[in-house]
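Notes follow the structure.
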Amino acid sequence: MLTKKYSIRVTALFLLAVGLLYTSCEKEVNIDFPEGEPVVVVEGYVENGQIPYVVLTNTVPFLGKLSPDEFEKYFISGADVTITDGINTAKLVEYKLPDLGFTVYSLDTADIFNSAKLIGKEGRTYSLSVTVNGKNYTASTTILPVVPLDSIWVEPKRSDSNLVQLMCRLSDPAGAVNFYRGLTRRNNDPVFDTGFRSVYLDIIVNGKSFNFSLDRGKADFANNDTADFEKYGYFERGDTIYVKWCAIDKPQFDFWDTFDSQGSSLGNPFSAPLKIKSNIVGKGSTGIWASYGAFYDTLIVKK
């Protein structure tokens with residue numbers, strides 16, 4: 001099977017937990033958590049056959065409150081964002097999406113001819129430059145060749161006849177270590193999502209054909225107080241399952257591996273320290289400029 005690299009991390013939740021422990025003693029101890037300088041978070045994507053886009057935000061204070069009314073203020077407007085593939089260069093245009101409350105930077109849809117030149121292509125390297133408040137942040141990424149899944153199918157969960165596990169078969173290219181990211185979308189869900197672990201490497205199965213399971217996205221479980229975690233990772237009979245299987249490079253693997261670890265250990269005061277490994281270059285920044293060699297497939301599960 002594919003190898004999932006597991007890591008754990010600690011956040012300021014550890015310090016918060018220490019403070020809570022002390023409140024149970026006779027003497028009350030109050031700890032002030034100083035707010036650090038805001039960090040620019042870059043999240044951008046380019047994949048084969050798709051236009052690139054970038055979302056810019058400022059970090060939220062750990063103990064701050066994020067209400068729907070304040071959500072929009074953390075998105076960065078007015079930035080200078082450009083991409084180049086070494087031949088073609090374009091300044092991305094800012095689009096405000098009021099219904100969703102955020103800002104996205106993408107190619108100018110009014111300039112179809114030039115924008116088409118920067119649609120993602122396998123083998124090309126795309127460099128990103130972001131300037132915010134006089135500070136510049138850069139990154140570079142290459143779209144790797146697509147590694148398609150051989151097939152996808154479902155197998156029933158033994159304890160629940162209505163639940164099924166998504167299974168995949170992959171013929172992994174021999175040679176160098178390959179890195180992958182797997183995402184799924186269910187029925188009318190608006191976006192592709194991942195399980196609590198989303199990245200894989202092929203150290204054990206390099207050059208072999210093998211079967212593995214791919215979890216249903218975690219959003220329904222992580223953001224729902226009434227979610228049934230007995231159903232985590234499973235789909236239901238009657239679902240339409242969309243799969244997105246992406247070839248990625250090691251810097252992206254390192255980012256998602258550490259990012260996933262933060263998410264899976266959130267709230268655990270005994271986790272080990274972990275820093276998210278970003279491929280964004282520039283002091284006061286973090287995030288990912290990601291390239292996907294993406295393969296898509298669809299499966300309708302019979303009732």
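Side-chain contact annotation: D189 with Y242, donor-acceptor N/O pair under 3.5 Å absent.
In the hydrophobic clustering of this structure, F102 does not group with I76; members are Ile, Leu, Val, Met, Phe, Trp, Tyr whose side-chain heavy atoms approach within less than 4.5 Å, directly or through other members. One hydrophobic cluster, built from ILVMFWY side chains closer than 4.5 Å, holds both V199 and I276. In the hydrophobic clustering of ILVMFWY residues, with side-chain heavy atoms under 4.5 Å counting as a link, V55 and I288 come out together. Residues Y53 and L97 share a single hydrophobic cluster, defined by chaining ILVMFWY side chains whose heavy atoms lie under 4.5 Å apart. Under the 4.5 Å side-chain contact rule for hydrophobic residues, V281 and V46 do not share a cluster.
Among the candidates N211, V301, V164, the single residue satisfying the side chain to side chain contact (heavy atoms under 4.5 Å, CB included) test with W153 is N211.
Here D215 contributes atom CG and Y234 contributes atom OH; the two are 8.5 Å apart, rounded to the nearest 0.5 Å. The OG1 atom of T103 lies 9.0 Å from the CG atom of L56; values are rounded to the nearest 0.5 Å. Distance check, rounded to the nearest 0.5 Å: CZ of F235 to CG of N162 gives 13.5 Å. Atom NZ of K218 is separated from atom OG1 of T194 by 3.5 Å, given to the nearest 0.5 angstrom. Atoms CG and OG1, from L118 and T89 in turn, are 7.0 Å apart once rounded to the nearest 0.5 Å. Distance OG/S129 to CG/N136: 4.0 Å, rounded to 0.5 Å.
Look at D257 and R197 and you find a salt bridge, because one of the NZ, NE, NH1 or NH2 atoms lies within 4.0 Å of a carboxylate O, short of that distance. Between K157 and E236 there is no salt bridge, since no side-chain nitrogen of the basic residue lies less than 4.0 Å from a carboxylate oxygen of the acidic one. A salt bridge links E94 and K96; the closest N-O separation between the charged side-chain nitrogens and carboxylate oxygens is under 4.0 Å.
With hydrogens and angles ignored, the 3.5 Å screen pairs a side-chain donor or acceptor of D172 with a backbone N or O of G207. Proximity of a side-chain donor or acceptor of D193 to a complementary backbone N or O of R216 within less than 3.5 Å is not detected. When atom types are taken as modelled, the side chain of Y126 and the backbone of Y45 share no donor-acceptor pair closer than 3.5 angstrom. Side chain of S291 to main chain of T142: a donor-acceptor pair is present (N/O by atom type, distance under 3.5 Å, no hydrogens or angles). The main-chain N or O of K244 is never found under 3.5 Å from a side-chain atom of R181 such that the two would form a donor-acceptor pair. Using modelled atom types, no side-chain atom of S198 and backbone atom of D260 make a donor-acceptor pair closer than 3.5 Å. Judged by distance alone, the side chain of D150 and the main-chain N or O of S171 form a donor-acceptor pair under 3.5 Å. In this structure, the side chain of T240 does not engage the main chain of N187 through any donor-acceptor pair within 3.5 Å. Checking side-chain atoms of D202 against main-chain N and O of V205 turns up no donor-acceptor pair under 3.5 Å. Y105 places a side-chain N or O within donor-acceptor distance of the main-chain N or O of A79, the cut-off being under 3.5 Å.
Classification of the Y200-W245 ring pair by plane angle, with boundaries at 30° and 60°, yields tilted. Note on ring orientation: taking the six-membered ring where Trp is involved, the planes of F255 and F259 are parallel (angle under 30°, cut-offs 30° and 60°).
Considering all non-hydrogen atoms of both residues, Y137 and G284 come closest at OH-O, 4.1 Å. Heavy atoms only, all atoms of each residue included: K117 and D85 are closest at O-OD2, 3.9 Å. Heavy-atom minimum distance, S127 versus S140: OG-OG, 3.5 Å. Residues Y95 and D108 come closest through the heavy atom pair OH-CA, 3.6 Å. For the pair K277 and D254, the tightest heavy-atom approach, listed with the atom from each and the gap, is CD-CB, 3.9 Å. I203 and L201 make their closest contact through CD1-CD1, 3.3 Å (heavy atoms, listed as atom of the first residue, atom of the second, distance).
Residues W256 and F179 form no side-chain contact, since every pair of their non-hydrogen atoms from C-beta on lies 4.5 Å or further apart. Side-chain atoms of L170 and S209, non-hydrogen and from C-beta on, never get closer than 4.5 Å to each other. The side-chain heavy atoms of W289 and V54, taken from C-beta on, include a pair separated by under 4.5 Å. Between V146 and E122 the shortest side-chain heavy-atom distance falls below 4.5 Å. Inter-residue side-chain proximity for T298 and V243 is flagged as unmet; no heavy-atom pair is nearer than 4.5 Å. Between L166 and I241 the shortest side-chain heavy-atom distance falls below 4.5 Å. Contact check for V93 versus L107: no side-chain heavy atoms found under the 4.5 Å cut-off. L92 is not listed as a side-chain neighbour of S106, based on a closest heavy-atom distance of 4.5 Å or more.
Atom NZ of K208 has 12 or fewer neighbouring heavy atoms from other residues, nucleotides or ligands inside a 6.0 Å radius.
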Given the rule in the side chain to side chain contact (heavy atoms under 4.5 Å, CB included) test, do V130 and D80 qualify, once you have shown the distances and angles that lead to the verdict? CA-CA 6 Å; V130 176; D80 186 359; over 6 Å; no

Under the side chain to side chain contact (heavy atoms under 4.5 Å, CB included) criterion, do F295 and Y180 qualify, and how do the steps go? CA-CA 11 Å; F295 166 81; Y180 303 103; over 6 Å; no

Between D249 and N279, does a side chain to side chain contact (heavy atoms under 4.5 Å, CB included) hold up when you go through it step by step? CA-CA 11 Å; D249 58 20; N279 69 348; 5.8 Å; no

